[in-house]
Each structure stands twice: as structure tokens, then as C-alpha cells.
Amino acid sequence: VQLQASGGGLVQVGDSLTLSCTASGRESAHIHVGWFRQSPGKEREFVAAITSTGMTIRYADSVKGRSTISRRGPENIVDLHIHTLEPDDTAIYYCAADRGRLPMLTSAATYWGQGTQVTVSS
């Protein structure tokens with residue numbers, strides 16, 4: 001499974017942004033996908049995750065209520081939409097996946113994308 005994250009960029013406080021994770025390769029339609037982020041000097045942290053069927057979704061408290069994770073099934077794409085962006089949302093965002101576990105911990109993910117930078121300017 002290969003993962004490609006996209007959609008990052010420079011935005012203003014209060015803006016919205018949608019990140020996309022495109023999966024390809026064998027079994028890419030049957031993976032559970034999670035988003036993580038890492039700011040300079042900090043540990044990589046969980047943001048949101050969705051099962052292969054889309055039936056189970058989890059969010060970190062830091063983005064709960066202002067983010068939505070969803071799947072575009074036929075295209076094997078998982079989108080993460082975050083609104084009301086804050087400076088603390090500035091980070092490199094990574095998508096990750098696993099065939100058996102919902103990746104809410106970095107140790108639970110087998111596959112990783114390369115990351116996309118999100119910078120929230122005040």
C-alpha cells in the first residue's frame with residue numbers, strides 16, 4: 001500500500017482546509033486510515049481516523065467539533081477537513097494506514113505517507 005498526502009499550504013487563522021490521502025496498491029480499498037501531525041520539537045500526534053468501511057470514526061480532542069474525516073470509496077481517498085484553523089494547527093500532517101487496526105497510535109500504523117505542511121498564519 002502506498003499513501004500520498006496532499007492539500008497542505010499557508011492559510012490564515014479561521015480559514016478551512018481539506019487534506020487528502022490517496023491510497024494505491026494491493027488492499028488499498030480495505031485499509032483503515034488515520035491522520036497524524038507533528039510540529040517542530042513535538043511528538044507526532046493523532047488527529048483523526050476512519051475504518052475501511054467508514055462506520056467508525058475517531059477524533060483527537062484538539063480537532064473534535066471542527067474537523068471531518070471521510071472516505072471517497074471508489075477513489076480510495078480519505079479527506080480530512082478542518083475549519084476554524086488555529087496557529088496550533090501548524091504542523092506536518094501525515095496519513096497512515098493499517099489493514100487490521102484503526103491507526104490512532106503511531107505504532108498501530110503499518111503504512112505512512114510522506115506528509116504535507118500546513119501553516120496557519122496569524
Side-chain angles (χ1 to χ4, degrees):
V1 175
Q2 292 80 46
L3 303 175
Q4 177 77 35
S6 61
L10 175 63
V11 297
Q12 302 295 314
V13 169
D15 282 354
S16 300
L17 193 69
T18 298
L19 306 177
S20 296
C21 177
T22 302
S24 59
R26 291 185 62 186
E27 303 292 330
S28 59
H30 306 289
I31 53 174
H32 309 308
V33 176
W35 283 95
F36 294 78
R37 67 186 183 187
Q38 188 167 20
S39 304
K42 294 187 178 180
E43 297 286 319
R44 191 170 297 188
E45 64 176 10
F46 168 72
V47 178
I50 186 169
T51 53
S52 59
T53 61
M55 294 295 289
T56 298
I57 289 173
R58 296 288 185 266
Y59 296 101
D61 288 343
S62 57
V63 299
K64 193 176 294 182
R66 59 186 186 93
S67 64
T68 303
I69 188 170
S70 59
R71 300 188 76 106
R72 285 186 265 164
E75 302 151 298
N76 291 338
I77 296 174
V78 172
D79 295 316
L80 176 67
H81 178 78
I82 308 176
H83 62 83
T84 320
L85 284 158
E86 307 164 351
D88 284 349
D89 293 317
T90 295
I92 299 174
Y93 284 72
Y94 299 89
C95 61
D98 194 85
R99 283 180 285 184
R101 298 167 293 187
L102 186 64
M104 296 178 63
L105 298 172
T106 56
S107 59
T110 302
Y111 309 102
W112 288 88
Q114 86 291 356
T116 184
Q117 176 72 49
V118 173
T119 303
V120 183
S121 173
S122 55

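Numbers here are sequence positions counted from 1.
- Thr68 places a side-chain heavy atom less than 4.5 Å from the side chain of Tyr59.
- Linking ILVMFWY residues whenever their side-chain heavy atoms come closer than 4.5 Å, directly or via other members, places Val1 and Ile50 in the same cluster.
- The aromatic rings of Phe36 and Trp112 lie tilted to each other, with the angle between the two planes from 30° to 60°.
- The nearest pair of heavy atoms linking Ser39 to Ala91 is OG-CB, 3.6 Å.
- In this structure Ala23 satisfies the side chain to side chain contact (heavy atoms under 4.5 Å, CB included) test together with Leu3, Ser28, Ile31, Asn76, sequence neighbours excluded.
- In the hydrophobic clustering of this structure, Leu102 does not group with Leu105; members are Ile, Leu, Val, Met, Phe, Trp, Tyr whose side-chain heavy atoms approach within less than 4.5 Å, directly or through other members.
- Pairing each heavy atom of Gly100 with each of His32, the nearest pair is C-CD2, 3.7 Å.
- For the pair Glu43 and Glu45, the minimum side-chain heavy-atom distance is 4.5 Å or more.
- Atom CD1 of Ile77 and atom OG of Ser6 lie 7.5 Å apart (nearest 0.5 Å).
- When hydrophobic clusters are built by joining Ile, Leu, Val, Met, Phe, Trp and Tyr residues whose side-chain heavy atoms come closer than 4.5 Å, directly or via intermediates, Tyr111 is grouped together with Val33.
- Looking only at distances, a side-chain donor or acceptor of Arg71 sits under 3.5 Å from a matching main-chain atom of Thr51.
- Nearest heavy atoms, Leu85 versus Arg66: CA-NH1, 4.0 Å.
- Residues Val120 and Tyr94 do not share a hydrophobic cluster, clusters being chains of Ile/Leu/Val/Met/Phe/Trp/Tyr side chains in contact below 4.5 Å.
- Across every non-hydrogen atom of Gly65 and His83, the tightest pair is O-NE2, 3.6 Å.
- Here the straight-line distance linking atom OG of Ser52 with atom NE2 of His30 works out to 8.0 Å at 0.5 Å rounding.
- Here the side chains of Leu17 and Tyr93 are not in contact, with every heavy-atom distance at 4.5 Å or above.
- Evaluated for a side-chain contact (heavy atoms from CB on, under 4.5 Å) with Arg37, the options Asp89, Thr116, Leu19 yield exactly one hit, Asp89.
- Hydrophobic clustering, with ILVMFWY side chains joined whenever heavy atoms are under 4.5 angstrom apart, keeps Leu10 apart from Val13.
- Contact annotation: the side chain of Thr90 approaches that of Gln117 to within less than 4.5 Å [non-hydrogen atoms, C-beta and beyond].
- Here the closest heavy-atom approach between residue Val118 and residue Gly8 is recorded as CG2-CA, 4.0 Å.
- The number of heavy atoms from other shown groups lying within 6.0 Å of CZ (Arg72) is above 12.
- The CZ atom of Arg101 sits 5.5 Å away from the OG1 atom of Thr110 when rounded to the nearest 0.5 Å.
- Smallest separation of non-hydrogen atoms from Trp35 and Asp79: NE1-C, 4.3 Å.
- Gln114 places a side-chain N or O within donor-acceptor distance of the main-chain N or O of Ala5, the cut-off being under 3.5 Å.
- Residue Ser20 holds its OG atom at 10.5 Å from CD of Gln4, rounded to the nearest 0.5 Å.
- Although no hydrogens or angles enter the test, the distance criterion places no donor-acceptor pair under 3.5 Å between the side chain of His81 and the main chain of Ser67.
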